[in-house]
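Right, one structure below, let's go through it.
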Amino acid sequence: MSQGKKPGRWAADLTVLLNAAFPTNRFPVDVEALALDYSRQCWPDDPILKVVGESLPGFEGALVPMGRPRKGWGILYNNDGVSDGRRRFTVAHELAHYLMHRHLMSEDGVRCDETSVSRRDGKGIEKEADEFAAALLMPLDDMRRQIAPKDKPDLTALSTCADRYGVSLLAVTLRWLEYTERRSLLVVSRDGYALWARSSEPALRSGRFIRTSGEPFEIPAASCAGMEDFSEEARYGVFLPAHVWFPEPVEEVSFHSDRYDQVLTILHLGKEVRGYRMDEPDVEDTFDRFLRERP
Ligand SMILES: [Zn+2]
């Protein structure tokens with residue numbers, strides 16, 4: 001973990017700068033320009049020199065040193081079938097590593113996988129980088145005005161927000177789950193089984209969560225996701241009785257993402273009754289070698 005300024009503080013300081021620079025049309029954040037310009041201004045001897053998209057199988061992004069001796073850093077993001085929204089979050093995540101963690105890194109930099117970035121389920125520096133990316137791209141004060149903490153968003157509300165911030169539906173849903181006062185869950189599934197799930201804090205406290213680490217969790221057959229009902233109605237929310245998902249009724253919003261071949265399901269419950277290592281670098285530029293050695 002970094003010792004200095006915390007992720008929220010970094011994001012808040014940059015948010016002040018961006019608010020001043022773009023008083024109108026503030027979103028989405030042009031994170032690539034921010035990474036290049038801000039690093040060049042603040043650390044001219046060790047800036048971010050490039051932000052480049054590449055096919056990075058198994059990885060979402062990387063921060064790698066450039067030059068020998070080092071002249072700066074390169075941000076790589078996976079652009080293999082990845083949406084612009086996902087790319088923006090990945091670049092912000094790598095910018096966080098640059099701001100907070102570059103002094104801690106070996107000469108090889110860092111490579112970040114999907115669990116750490118898109119699912120926001122990493123630990124240590126990965127968690128810090130995700131916190132920064134979410135706070136920079138989706139500032140809480142602005143997002144609470146789009147979806148209030150007591151709101152029960154349907155797919156349209158979440159998609160509108162995703163468009164506003166230029167991030168994926170998944171990223172915006174995870175951000176909303178962080179501050180909602182409702183008992184709600186996100187379930188991501190494929191072929192009838194949950195891949196992973198996330199609960200809001202109030203849902204978690206009331207014991208409403210879906211475990212995906214042990215036995216596979218089968219999507220209930222009577223749910224919209226289970227019936228593969230991705231109709232207009234399912235996008236707005238369908239009321240389901242108790243014992244479909246939980247021993248209590250739920251409102252289910254389900255949507256099939258063609259791009260990732262995944263089903264995103266949001267469940268609203270009612271009021272509660274209660275480092276990556278590369279080969280030893282020698283004379284080559286790590287950044288160049290990284291690109292060349294891709295499978
Ligand atoms: Zn990372």
Side-chain angles (χ1 to χ4, degrees), residues 1-11 13-14 29 31-32 34-36 38-39 43 46-66 70 72-138 165-168 170-175 178 188 195-196 198 260 275-278 281 286-287 289-291 293-295:
M1 302 281 275
S2 61
Q3 297 298 313
K5 203 152 76 165
K6 295 289 178 221
R9 189 70 249 169
W10 275 109
D13 289 352
L14 287 171
V29 174
V31 68
E32 291 182 24
L34 177 70
L36 295 166
Y38 187 71
S39 66
W43 301 279
D46 195 26
I48 293 169
L49 296 166
K50 280 185 186 177
V51 180
V52 185
E54 285 294 328
S55 174
L56 306 174
F59 293 92
E60 289 292 290
L63 177 73
V64 290
M66 294 178 67
R70 194 176 78 218
W73 298 82
I75 288 178
L76 291 171
Y77 57 88
N78 181 24
N79 66 358
D80 196 4
V82 170
S83 67
D84 286 351
R86 200 146 147 178
R87 171 191 56 77
R88 183 174 275 103
F89 195 92
T90 302
V91 174
H93 175 106
E94 301 307 332
L95 172 59
H97 283 321
Y98 168 82
L99 293 171
M100 291 186 281
H101 310 131
R102 70 184 187 277
H103 308 295
L104 308 172
M105 279 171 196
S106 68
E107 292 171 329
D108 303 333
V110 65
R111 256 212 287 199
C112 309
D113 64 17
E114 191 205 343
T115 302
S116 300
V117 185
S118 299
R119 297 191 192 184
R120 299 197 48 195
D121 204 19
K123 307 259 184 296
I125 66 168
E126 293 307 312
K127 190 173 191 313
E128 288 190 335
D130 286 338
E131 281 174 22
F132 169 86
L136 178 75
L137 302 178
M138 300 167 274
Y165 301 122
V167 297
S168 67
L170 195 57
V172 92
T173 303
L174 289 172
R175 184 65 164 156
E178 286 181 324
V188 181
L195 298 171
W196 58 283
R198 193 72 49 84
Y260 302 114
Y276 169 70
R277 295 277 320 156
M278 270 190 269
T286 311
F287 183 87
R289 193 148 40 82
F290 185 99
L291 294 179
E293 288 179 356
R294 285 175 299 122

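Atoms within each ligand, like the ligands themselves, are counted from 1 in listed order.
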*Please lay out, stage by stage, how Glu60 and Arg86 fare under the test salt bridge (Lys or Arg N to Asp or Glu O under 4.0 Å).*
CA-CA 9 Å; Glu60 289 292 290; Arg86 200 146 147 178; 3.0 Å; yes
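- The closest approach of Glu126 to the Zn ion (ligand 1), by N/O/S atoms, is made by OE1.
- Taking the six-membered ring where the residue is Trp, His93 and His97 present perpendicular rings, their angle passing 60° and hence far from 30°.
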*Evaluate the salt bridge (Lys or Arg N to Asp or Glu O under 4.0 Å) criterion for residues Asp13 and Arg9: first the C-alpha distance (whole Å), next the side-chain angles of each, then the deciding distance (0.1 Å), finally the verdict.*
CA-CA 6 Å; Asp13 289 352; Arg9 189 70 249 169; 2.9 Å; yes
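- In this structure, NE2 of His97 and NE2 of His93 enclose an angle of 100° at the Zn ion (ligand 1), rounded to 10°.
- In summary, Glu94 places no N/O/S atom under 2.8 Å from the Zn ion (ligand 1), failing the contact criterion.
- For the pair Ile75 and Leu63, the tightest heavy-atom approach, listed with the atom from each and the gap, is CG1-CD1, 3.8 Å.
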